[in-house]
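These notes are about the structure you will find just below.
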2 protein chains.
Amino acid sequence: MQMALSPRAEALLKALIERYISDGQPVGSRTLSKQAGLELSPATIRNVMADLEDLGLISSPHTSSGRVPTALGYRMFVDSLLTVRPLDSAEIYRMGDELAYDGDPMHLMESASSLLSQVTRLAGIVLVPRQEESFRQIEFLSLPAANRVLVILVTSSGRVHNRVIRVDRHYSAAELVEAANCFNDLYSGRPLSEIRNSLLADLQSDGDAMQRAVKNATDMARHVFADSESSALDLVVSGEANLLQIPDLGDVEKLRKLFDAFTTKRDLLHLLDRSMHAESIQVFIGSESGYQALDECSVVMAPYQADGRVVGTVGVIGPTRMAYDQVISIVDVTARLLGGVLSTEAR
Amino acid sequence: MQMALSPRAEALLKALIERYISDGQPVGSRTLSKQAGLELSPATIRNVMADLEDLGLISSPHTSSGRVPTALGYRMFVDSLLTVRPLDSAEIYRMGDELAYDGDPMHLMESASSLLSQVTRLAGIVLVPRQEESFRQIEFLSLPAANRVLVILVTSSGRVHNRVIRVDRHYSAAELVEAANCFNDLYSGRPLSEIRNSLLADLQSDGDAMQRAVKNATDMARHVFADSESSALDLVVSGEANLLQIPDLGDVEKLRKLFDAFTTKRDLLHLLDRSMHAESIQVFIGSESGYQALDECSVVMAPYQADGRVVGTVGVIGPTRMAYDQVISIVDVTARLLGGVLSTEAR
DNA sequence: GTTTAGCACTCTAGCATTCAGAGTGCCAGA
DNA sequence: TCTGGCACTCTGAATGCTAGAGTGCTAAAC
């Protein structure tokens, strides 16, 4: 189906999409003919456009007004016609400054997301995956309030989960330290999911065979591991408000669905999970994403690395009519910057 | 200026506003005359309405269409005409179930905010004030990564702040425990702000007179106290998406400003701070709030208590045309439920 | 003196009509 | 294979019209 286009048709499609992206108006043959670079009469252009329409790359909103790219058209544009506009180094430098790292990776993700939304004037998203996380350290603190213990879990990425739990009796500080030590020795470096399952299994066997300290630790740890599973914190979205003023997304009902997707996060997580496994930048255009809420949106995501391993993905979400040439390089740079911060940091 | 209205004018105003709230259409004299309870001809009603308009309580969008309440009209309605519709106990019970408390007060606030937004179909907000917080406990954990220490601060409300800091050399676990003990002994129960200032003063004096352990603790604690000042986490907003589908807030530009206010939080914090000092429910109508972004919105807030002391405020934000009778009692009940959870919990 | 009926007036919302402009498709000629 | 020309279509803005809803005012009725 995807027969090769003639070079002329390609050039025309490229010019049309670029024009549409900057104007937002359907593009007609006259307009395109006046455009420098193509010395063709409107009539010729009309013929070519008719071919492009047959191929499903462009369409006209109504019988007789200019053409508009379809999702397929954008796809071809992004895949093979686009000339990405690299950022100048001053810009990159400025962006790097904005990425503040204070030790809390969550803050870093938030600042990356917010940076993206400011620079692109779209919504920025950062996915902080949990599946790869492993256990680093647990600690139990006795609280003054009766029979309360604060459980603190530190994961390999440096994220910290804490939770206050009620316990059945008072534990001395020494007991708590011992329990933590046992647990740390037992599970250090193991993936969270594995530990979670293991804890669940322990709960069922309920063996009296276990040492007391280990048993205590297991009981208390269970709560915070249950928390760490919740993926609520894994996705950071910012700059949603930018989407409000984009005329392309005028349909209030669709906009509401989109915002719902931001708060629910479920669908987005699935989608972004896919982009994790890609080598480089990925662009989901319109309904390609498979989620209704994103029908009129495109998502541009780039995986970022820490010490050579992909640990998450970062990008933006905006209308299908977005300035891909700029957005792609901005997302690319952000992913690199983020990777840089994470990697130097770990050294 | 606020001369007493005749009972008839009051009844009329009340009927008009109730009608407008449920319909969203300007209300004319005929409509009002047909309404049960008032046996008056349209002409009479027109006379009264003219008076109400002179008083600035209602206005007509254009020369000849029905009347619409002004902010002043809503104010009088809310202050003296409104018959609050109490929730039935089943409803209250159901809401109580939704307020899950797992030991983390932040989760509780989020669930309260989300509960409000679901029940009212508006945006829910919860203010968690910081000024009243006092110090409960600090702890330092050594991390495997070179020269990193995790600082954990627990405040009186049970909130936990953590931060990873770099230190100049390796500290042994024993050193860290000692430092924490010193610090805890020194500052237990004192207000955060006081400690913050004290730490700042110490930094300047830089006295060699201080014990080494105390000095270490002070240096490390400084970072997390700086964090705890940031008020970013103090305001929880949820259900913003609900506002999108409200026809009254059709102006996209205003909506964008409103969403910006949600993410900036600064203005909202100021406003809500005011509502903290009120005894009971407060309603800010339209431009009364003094913030442009809230021009076409009303804010209904109720302070909530923990053990008899007001510790925060909870409520909703929506269009000026909202069902005050229901919203007010929903907010009221939520504040009580929240207070209940916080108080039983502390016992 | 309050209330009501009647009347002239005003403004909106919807509808049909018109008209210019932009764009298309197609055909015939270069 | 490209281009010029022509008939056709569709949109969007402007216009005029009408019905409906609502008002303000005045004079009569209670």
Side-chain angles (χ1 to χ4, degrees), chain A residues 3-13 15-20 22-70 73 247-248 250, chain B residues 3-13 15-20 22-70 73 247-248 250:
Chain A
M3 60 166 275
L5 290 178
S6 73
R8 196 176 63 179
E10 279 191 352
L12 210 65
L13 179 61
L16 186 147
I17 295 186
E18 279 169 351
R19 180 64 182 236
Y20 180 69
S22 73
D23 279 17
Q25 298 296 324
V27 185
S29 55
R30 280 182 58 91
T31 321
L32 226 44
S33 147
K34 276 179 285 187
Q35 188 121 336
L38 308 158
E39 302 303 334
L40 294 172
S41 78
T44 315
I45 291 178
R46 281 202 288 277
N47 289 328
V48 181
M49 289 208 298
D51 295 347
L52 291 175
E53 185 157 17
D54 288 345
L55 288 171
L57 298 170
I58 58 180
S59 72
S60 28
H62 45 81
T63 320
S64 201
S65 189
R67 303 306 215 290
V68 158
T70 62
D248 301 44
Chain B
M3 58 167 276
L5 291 177
S6 74
R8 196 176 62 180
E10 279 191 350
L12 209 67
L13 179 61
L16 186 146
I17 296 185
E18 279 169 351
R19 181 64 182 237
Y20 180 68
S22 74
D23 280 18
Q25 298 295 325
V27 185
S29 54
R30 279 182 61 88
T31 321
L32 226 43
S33 144
K34 276 179 285 187
Q35 188 122 338
L38 306 158
E39 302 302 336
L40 295 172
S41 76
T44 315
I45 291 177
R46 281 201 289 277
N47 289 328
V48 181
M49 289 208 297
D51 296 346
L52 291 175
E53 185 156 17
D54 289 344
L55 289 170
L57 297 169
I58 57 179
S59 70
S60 27
H62 46 81
T63 320
S64 199
S65 189
R67 305 305 215 290
V68 158
T70 62
D248 301 45

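First the proteins, then the strands, lettered A, B, ... as listed; each starts at 1. What's counted below: heavy atoms across the whole structure, side chains too, no hydrogens, waters or symmetry copies.
Side-chain N/O atoms of B:Arg46 include none lying less than 4.0 angstrom from OP1 or OP2 on D:dT26. Phosphate contact (OP1/OP2 of D:dT1, side-chain N/O of A:Thr44, threshold under 4.0 Å): absent.
Under a 3.5 Å cut-off, the side chain of A:Ser33 and the backbone N or O of A:Leu40 do form a donor-acceptor pair. Judged by distance alone, with hydrogens and angles left aside, the side-chain atoms of A:Ser60 form no donor-acceptor pair with the main-chain N or O of A:Ser65 at under 3.5 Å.
Atoms CG (B:Leu32) and C1' (D:dA21) sit 15 Å apart, rounded to a whole Å. Per the geometry, CD1 belonging to A:Ile45 stands 12 Å off P belonging to D:dG4, to the nearest Å. Per the geometry, CE belonging to B:Met49 stands 15 Å off C1' belonging to D:dC25, to the nearest Å. The separation between B:Glu53 atom CD and D:dC25 atom P is 11 Å, rounded to whole Å.
Where B:Arg8 and A:Arg67 each meet DNA chain C at their nearest nucleotide, the meeting point lying more 5' is that of B:Arg8.
If you check every strand for non-hydrogen atoms under 4.0 Å, A:Ser60 touches nothing.
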Under 3.5 Å donor-acceptor pairs involving side-chain atoms of residues 24-31 of chain A, not counting sequence neighbours:
unit_1, atom_1, unit_2, atom_2, d
A:Ser29, OG, A:Arg46, NH1, 3.2

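Side chains of B:Thr44 and B:Arg8 form a contact here, defined as non-hydrogen atoms less than 4.5 Å apart. B:Arg67 has its side chain within reach of B:Leu16: a pair of non-hydrogen atoms, C-beta onward, lies under 4.5 Å apart.
Across A:Val48, A:Leu55, A:Ile58, a single residue satisfies side-chain contact (heavy atoms from CB on, under 4.5 Å) together with A:Leu13, and that is A:Ile58. The residue from A:Asp51, A:Ile17, A:Ile45 that alone fulfils the side-chain contact (heavy atoms from CB on, under 4.5 Å) condition with A:Leu12 is A:Ile45.
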Pairwise N/O distances under 3.5 Å, protein to nucleotides 9-16 of chain D:
unit_1, atom_1, unit_2, atom_2, d
D:dC10, OP1, A:Thr63, OG1, 3.2

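Once you apply a 4.0 Å limit to the heavy atoms of chain B, the touched nucleotides of DNA chain C run 5' to 3' over C:dT3 to C:dT12.
Here the CG-CD distance, from A:Leu52 to A:Glu10, works out to 10.0 Å after rounding to the nearest 0.5 Å.
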